[in-house]
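Encoded as structure tokens, the structure appears first; notes follow it.
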Amino acid sequence: MFVRSHLLLAASAVAAATAFAPAPLLAQEAVKIGLILPMTGGQASTGKQIDNAVKLYMQQHGDTVAGKKIEIILKDDAALPDNTKRLTQELIVNDKVSIIAGFGITPAAFAAAPLATQAKVPEVVMAAGTSIITEKSPYIVRTSFTLGQSSTIIGDWAVKNGIKKVATLTSDYAPGNDALKFFKEHFIAGGGQIVEEVKVPLANPDFAPFLQRMKDAKPDAMFVFVPAGQGGNFMKQYAERGLDKAGIKVIGPGDVTDDDLLKDMGDAVLGTVTAHIYSAAHPSAVNKEFVAAYKKAYGQRPGFMAVGGYDGIHLIYEALKKTGGKTDGDALIAAMKGMAWESPRGPISIDPETRDIVQNVYIRKVEKVNGELYNVEFETFKAVKDPGKTK
């Protein structure tokens, strides 16, 4: 009886110790990653591309890193920041995730930032593109892009290629404002003139009335930023309003001709020139393999959001290898800083000072390749940093 009571006491003590043990000790074999994406709503194509790319990477590279099993917990925030905040909190507190990732739009990345800081959990931004995002928390690292990277380059290109007068149409939220600001700075500095400036609502915009204002302004070209997923609707209304026949070409960052929707946009999009970080037609061997694998898995070509997700999970895997599987937030962020690799988009790295992505930006023109519409790259600007942080 005496021995049995001692055994029961010992068992109770072990149970109590286990109950109050820190989460990492209990889940030593698994590294949980909270993937917060818009899987429904107007930004759903972004969420689906990133989710697909993360799955593809894990199929190719396995689900174990440094002896730890990788577990993805996917949550749909429908691109609503209040949802993002609640889901981030649940993932950190209840699910004990070591990393949060995804973030389809800037307000979502902002909503998670203070929680990442408080919990010392790395936040890997795979989509959102406003310059200031990485300044919102020392635990944020970005594998997507910033609007400044491409908008400055298309601004410079436009003035050098005889485009004197431009009308602008941009979505009215932080990335649209960034795109407009950086484009205008460079275009006007080069001698260009803005003849009309229009901001359209982010949610379910009807472009038709705004496009009429563009047409009436008689510009040489129109600078357009709409988020990934809205380009198809924009191009349809652009053709319906006859802007292509009026000789008003579209220029801008590459979101408007995202590979995800480009093939269905029709011939009105031919000749559109954009500056961007990725095209499914990028001619590297790494990209050809990536596109073939993605098409085989999902029956469609990947867009730039897929590449942001693919590189984001690669960054997490490589950081875990560096830390030997340790999930301490500071150690993971230190491992991510300065990391460089060959992505399907070309060579990329994480700026050790800003934790933002450094990458090539390509000038591309929409052309037909084997009967399908593609963004064909014809000029490369190498190792572009975010201009919002280089002043």
Next on the checklist: Would R213 and E196 count as a salt bridge (charged side-chain N to carboxylate O under 4.0 Å, His left out) here? Give the steps.
Outcome noted: CA-CA 8 Å; R213 280 173 62 183; E196 179 68 275; 3.3 Å; yes
Checklist entry - Between V200 and V198, does a side chain to side chain contact (heavy atoms under 4.5 Å, CB included) hold up when you go through it step by step? => result CA-CA 7 Å; V200 301; V198 163; 4.0 Å; yes
Checklist entry - How far apart are the C-alpha atoms of Q149 and Q359, what are their side-chain angles, what is the distance that settles it, and do they pass the side chain to side chain contact (heavy atoms under 4.5 Å, CB included) test? => result CA-CA 9 Å; Q149 285 174 318; Q359 61 193 324; 2.9 Å; yes
Checklist entry - Y238 and F207: ring pair (Phe, Tyr, Trp, His ring centres under 6.0 Å), yes or no, with the steps? => result CA-CA 8 Å; Y238 163 85; F207 296 109; over 10 Å; no
Item to check | Candidate pair T274 and R364, rule side-chain hydrogen bond (donor to acceptor under 3.5 Å, both in side chains), full reasoning | outcome: CA-CA 5 Å; T274 54; R364 316 97 49 84; 2.9 Å; yes
Checklist entry - Taking it one step at a time, do L320 and K68 satisfy side chain to side chain contact (heavy atoms under 4.5 Å, CB included)? => result CA-CA 9 Å; L320 284 165; K68 300 287 182 77; over 6 Å; no
Checklist entry - What do the steps show when you test E240 against K236 for salt bridge (charged side-chain N to carboxylate O under 4.0 Å, His left out), and what is the final call? => result CA-CA 6 Å; E240 284 169 358; K236 180 170 172 275; 3.3 Å; yes
Item to check | Stepwise side chain to side chain contact (heavy atoms under 4.5 Å, CB included) check, Y294 with Q300 | outcome: CA-CA 7 Å; Y294 193 98; Q300 63 190 73; 4.1 Å; yes
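Between the side chains of D311 and S343, a donor-acceptor pair is found at a separation under 3.5 Å. When only modelled atom types and interatomic distance are considered, K389 and T134 share a side-chain donor-acceptor pair under 3.5 Å. Inspection of the Y278 and E377 side chains reveals no N or O donor paired with an N or O acceptor under 3.5 Å. Between the side chains of K75 and N83, not a single donor N or O lies within less than 3.5 Å of an accepting N or O. Between N375 and T257, the side chains place a donor N or O and an acceptor N or O closer than 3.5 Å (distance only, hydrogens not considered). Judged by distance alone, the side chains of H314 and Y57 do bring a donor and an acceptor atom under 3.5 Å apart. T146 and D386 form a side-chain donor-acceptor contact under 3.5 Å, judged by distance and modelled atom types alone.
Within the 3.5 Å criterion, the main-chain N or O of N287 finds a donor-acceptor partner in the side chain of S284. For the pair Q230 (side chain) and L202 (backbone), a donor-acceptor distance under 3.5 Å is present. Side chain of Q49 to main chain of A306: a donor-acceptor pair is present (N/O by atom type, distance under 3.5 Å, no hydrogens or angles). A distance-only check finds no donor-acceptor pair linking the side chain of N360 to the backbone of G346 [under 3.5 Å]. K215 places a side-chain N or O within donor-acceptor distance of the main-chain N or O of R241, the cut-off being under 3.5 Å. With hydrogens and angles disregarded, a donor-acceptor distance shorter than 3.5 Å links the side chain of D220 to the backbone of K165. For the pair S137 (side chain) and Y139 (backbone), a donor-acceptor distance under 3.5 Å is present. Proximity of a side-chain donor or acceptor of D77 to a complementary backbone N or O of A108 within less than 3.5 Å is not detected. Side chain of T130 to backbone of I132: no donor-acceptor contact under 3.5 angstrom is found. The backbone N or O of K48 sits less than 3.5 Å from a side-chain atom of N52, completing a donor-acceptor pair.
Closest approach of G104 and T46 over heavy atoms only: CA-CG2, 4.0 Å. Heavy-atom minimum distance, I140 versus A113: CD1-CB, 3.9 Å. T117 approaches P138 most closely through the heavy-atom pair OG1-CD, 3.9 Å. Between I194 and F183, the shortest heavy-atom distance links the atoms CD1-CE2, 4.0 Å. Counting all heavy atoms, side chain and backbone alike, P122 lies closest to S98 at CD-O, 3.4 Å. Minimum heavy-atom separation, V124 to F103: O-CD1, 3.9 Å.
Side-chain heavy atoms closer than 4.5 Å link hydrophobic residues (I, L, V, M, F, W, Y) into clusters, and following such links, possibly through other members, connects I154 to V384. In the hydrophobic clustering of ILVMFWY residues, with side-chain heavy atoms under 4.5 Å counting as a link, V226 and L373 come out together. Cluster membership for V54 and V141, using ILVMFWY side-chain heavy atoms within less than 4.5 angstrom, is shared. Linking Ile, Leu, Val, Met, Phe, Trp and Tyr residues whenever their side-chain heavy atoms come within less than 4.5 Å leaves L169 and Y173 in two separate clusters. M265 and I251 fall into different hydrophobic clusters, where Ile, Leu, Val, Met, Phe, Trp and Tyr are joined by side-chain heavy atoms under 4.5 Å apart, directly or via other members.
Between the CD atom in Q60 and the CD atom in E289 there is a gap of 8.5 Å [rounded to 0.5 Å]. A distance of 4.0 Å separates CD1 in I313 from CD1 in I72, rounded to the nearest 0.5 Å. I350 CD1 to R355 CZ: the interatomic distance, rounded to the nearest 0.5 Å, is 10.5 Å. The CG atom of L37 lies 11.0 Å from the CG atom of L87; values are rounded to the nearest 0.5 Å. Residue L35 holds its CG atom at 7.5 Å from CD1 of I50, rounded to the nearest 0.5 Å. Note that CD1 of I277 is 7.0 Å distant from CD1 of I357, once rounded to the nearest 0.5 Å.
For the pair S150 and F145, the minimum side-chain heavy-atom distance is 4.5 Å or more. With a 4.5 Å cut-off on side-chain heavy atoms, M214 and I248 do not count as touching. Side chains of T168 and M222 form no contact here, defined as non-hydrogen atoms less than 4.5 Å apart. Looking at heavy atoms from C-beta onward, E90 lies out of side-chain contact with V93 at the 4.5 angstrom threshold. Considering only heavy atoms from C-beta on, T272 stays 4.5 Å or farther from K365 through its side chain. Contact of the F225 side chain with the S151 side chain is not registered, since no non-hydrogen atoms from C-beta on lie closer than 4.5 Å. Residues K199 and N177 form a side-chain contact, since some pair of their non-hydrogen atoms from C-beta on lies under 4.5 Å apart. Between F223 and P253 there is a side-chain heavy-atom pair separated by less than 4.5 Å.
Under the salt bridge (Lys or Arg N to Asp or Glu O under 4.0 Å) criterion, the residue pairs touching residues 133-161 are R142-D356, with sequence neighbours excluded. For residues 243-261, every residue pair satisfying the salt bridge (Lys or Arg N to Asp or Glu O under 4.0 Å) rule, not counting sequence neighbours, is listed here: D259-R301.
Taking the six-membered ring for Trp and thresholds of 30 and 60 degrees, H282 and Y362 have ring planes inclined between 30 and 60 degrees apart.
Counting heavy atoms of neighbouring residues, nucleotides and ligands inside a 6.0 Å radius, atom NZ of K295 exceeds 12 of them. With a 6.0 Å radius and a threshold of 12 heavy atoms from other residues, nucleotides or ligands, K322 has its NZ atom above the threshold. Residue-environment remark: CD (E318) exceeds the threshold of 12 foreign heavy atoms within 6.0 Å.
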